[in-house]
Structures are given as C-alpha cells and as structure tokens.
Amino acid sequence: MPLSPGESPGFLLWHATLRWQRDIATALAPLDLTHVQFVLLACTWWLNGQGEHPNQLAVARQAGTDVKMTSQVLRALERKGLVEREVDPADTRAKRLRVTDAGAELAPRAIAAVEQADAQFFRPVAVGDAVALLGRLARPEAGDPSAGPE
C-alpha cells in the first residue's frame, strides 16, 4: 500500500528542500546573490584561501555543479566584479579563477548569512544529527563509519 505524502521520506525531503531554498534565497537577496552564485563564489573564495587558483572544472567539482552551468554563473560573477577568470598559462583552453577584492569582502558576509539561515532552519534538530544524516545521504558510498566492518 502506498505511503501517504506525510509518511513519504522523499516527499517530506522535497518540501523541506523547497523551504530551505526559499530561506537561503531570502538570506542572499540583500547581497544580490542567487544561491548558485553564492555556492560558486564561496567555493572559489575557499579554494583561493587554500592557495589554489582553480580552473572552472575544479570549482564545479568542489561545488557539485554542472560544468557548463558553472561557466555561465562564473561569467555572471565576473560581470558583477566578484571573480576574475584568467587564461591558465599551463592550458590556454582553461580559465583560472581568482576572487576579486570585492568578492573576498562579500564571500564571508554571504557565508555568515547562509549559516544563520541554516541555523534557523535546522534549529529543531541537533547539529551533529543533521550533519550525520545529511552526510550519509549526500555520500552513501562512504557508509557509516560508526557501524564498523560488516
């Protein structure tokens, strides 16, 4: 017998995801960033902070985004003056990314806004429990390290 919508984990996840996305969009609107622009800016900023000057493929992999879409969004961030795309001297087909001074000033503010929205959204659940569950759902191949060998 099919589950009712209120008993379907997938249906509940769908609604929770929609609510979370609305909350994130609301938090980022005053900063003039879409959610995907935020993710790509934050990933580039973080990679730059690790001493890397990643190409678009590396940022897409870090973010878990489609490479073509990543390129389009990075162009939008470049038009906003938040990132610079430079030809990679080792591969002239590739573009290396660097967050501009304006992007470096905005990224931590945007991260703080998103973290505040996350804290509010996940408030009913202990942070450790949320991270453990979402980590398992995001990377099921990693398994549960606490379960030990089978």
**Student:** Give the cluster check for V125 versus L12: same hydrophobic cluster or not, with ILVMFWY residues linked at side-chain heavy-atom distances below 4.5 Å.
**Tutor:**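 No, V125 and L12 fall in different hydrophobic clusters.
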
**Student:** Does either side chain, that of S71 or that of R75, offer a donor lying less than 3.5 Å from an acceptor on the other one?
**Tutor:**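 There is such a pair (donor and acceptor under 3.5 Å, judged by atom type) between the side chains of S71 and R75.
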
**Student:** Which atom pair, heavy atoms only, marks the closest approach of A27 to A113?
**Tutor:**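 Nearest pair, atom of A27 first, then A113: CB-O, 3.9 Å.
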
**Student:** What closest approach, in Å, do G81 and A102 show between heavy atoms, and which atom pair accounts for it?
**Tutor:**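 Looks like O-CB, 3.8 Å.
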
**Student:** Are V67 and L74 connected in the hydrophobic side-chain network, where two residues link if heavy atoms are under 4.5 Å apart?
**Tutor:**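 Cluster IDs for V67 and L74 differ.
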
**Student:** Check L41, T100, L40 against V83 for a side-chain contact (heavy atoms from CB on, under 4.5 Å) and give me the one that passes.
**Tutor:**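 Result for side-chain contact (heavy atoms from CB on, under 4.5 Å) with V83: L41.
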
**Student:** What distance do R139 atom CZ and L134 atom CG have between them, rounded to the nearest 0.5 Å?
**Tutor:**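 The CZ atom of R139 sits 9.5 Å away from the CG atom of L134.
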
**Student:** Looking at R61, I'd like to know if its CZ atom is crowded, meaning that more than 12 non-hydrogen atoms belonging to other residues, nucleotides or ligands lie closer than 6.0 Å.
**Tutor:**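 Incorrect, the count does not exceed 12.
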
**Student:** Give me the atom names and distance for the closest heavy-atom approach of F121 to D23.
**Tutor:**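 Closest heavy-atom pair between F121 and D23: CD1-OD2, 3.6 Å.
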
**Student:** Can you see which heavy atom on A104 is nearest to which on V99, and at what distance?
**Tutor:**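 Reported closest heavy-atom pair: N-CG1, 3.1 Å.
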
**Student:** Has D101 got more than 12 heavy atoms of other residues, nucleotides or ligands less than 6.0 Å from its CG?
**Tutor:**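 Counting neighbours around CG of D101, 12 or fewer heavy atoms of other residues, nucleotides or ligands fall under 6.0 Å, so no.
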
**Student:** Would you compute the distance between atom OG1 of T44 and atom NE2 of H53 and round it to the nearest 0.5 angstrom?
**Tutor:**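 So the OG1 of T44 and the NE2 of H53 are separated by 12.0 Å.
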
**Student:** Check whether any side-chain heavy atom of L33 lies under 4.5 Å from a side-chain heavy atom of L106, and answer yes or no.
**Tutor:**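 SC-SC contact between L33 and L106 confirmed.
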
**Student:** Between T65 and T70, is there a donor-acceptor pair closer than 3.5 Å when you use the side chain of the first and the backbone of the second?
**Tutor:**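 Not a single qualifying donor-acceptor pair exists.
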
**Student:** Nearest 0.5 angstrom please: I24 CD1 to Q116 CD, how far?
**Tutor:**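 Nearest 0.5 Å value for the CD1-CD distance: 10.5 Å.
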
**Student:** Please round to the nearest 0.5 Å and tell me the distance separating atom CH2 of W46 and atom CD of E52.
**Tutor:**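 So the CH2 of W46 and the CD of E52 are separated by 7.0 Å.
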
**Student:** Between E86 and R96, is there a salt bridge with N-O shorter than 4.0 Å?
**Tutor:**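 No, this pair does not count.
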
**Student:** With rounding to the nearest 0.5 Å, note down the distance linking CD in Q62 to CD in Q50.
**Tutor:**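 Going from the CD atom of Q62 to the CD atom of Q50 covers 9.0 Å.
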
**Student:** What are the two closest heavy atoms between H35 and L28, and how far apart are they?
**Tutor:**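 Nearest heavy atoms, H35 then L28: CA-CD1, 3.7 Å.
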
**Student:** When clusters are formed by joining ILVMFWY residues with side-chain heavy atoms under 4.5 Å apart, either directly or through shared neighbours, do L13 and L133 land in the same one?
**Tutor:**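 No; L133 is not reachable from L13 via cluster members.
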
**Student:** Is the closest side-chain heavy-atom distance between W45 and P108 below 4.5 Å?
**Tutor:**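 A side-chain contact under 4.5 Å exists here.
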
**Student:** Mind checking whether V73 and L57 sit in one hydrophobic cluster, side chains of I, L, V, M, F, W, Y counted as touching below 4.5 Å?
**Tutor:**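 No, because V73 and L57 fall into different hydrophobic clusters, even though each may have its own neighbours under 4.5 Å.
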
**Student:** In this structure, would V39 and V131 fall into the same cluster of hydrophobic residues linked by side-chain contacts under 4.5 Å?
**Tutor:**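 Looking at the clustering, V131 is in a separate group from V39.
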
**Student:** Hey, what do you get for CZ (R85) to CG (L77), rounding to the nearest 0.5 Å?
**Tutor:**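 Answer for the CZ-CG pair, R85 versus L77, is 10.0 Å.
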
**Student:** Using side-chain heavy atoms (C-beta onward) and a distance below 4.5 Å, is L18 in contact with Q21?
**Tutor:**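 Yes, at least one pair of side-chain atoms sits under 4.5 Å.
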
**Student:** Could you check whether any side-chain N or O of N48 sits under 3.5 Å from a backbone N or O of L97, counting only pairs where one atom can act as donor and the other as acceptor?
**Tutor:**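 Yes, because the side chain of N48 sits within donor-acceptor range (under 3.5 Å) of the backbone of L97.
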
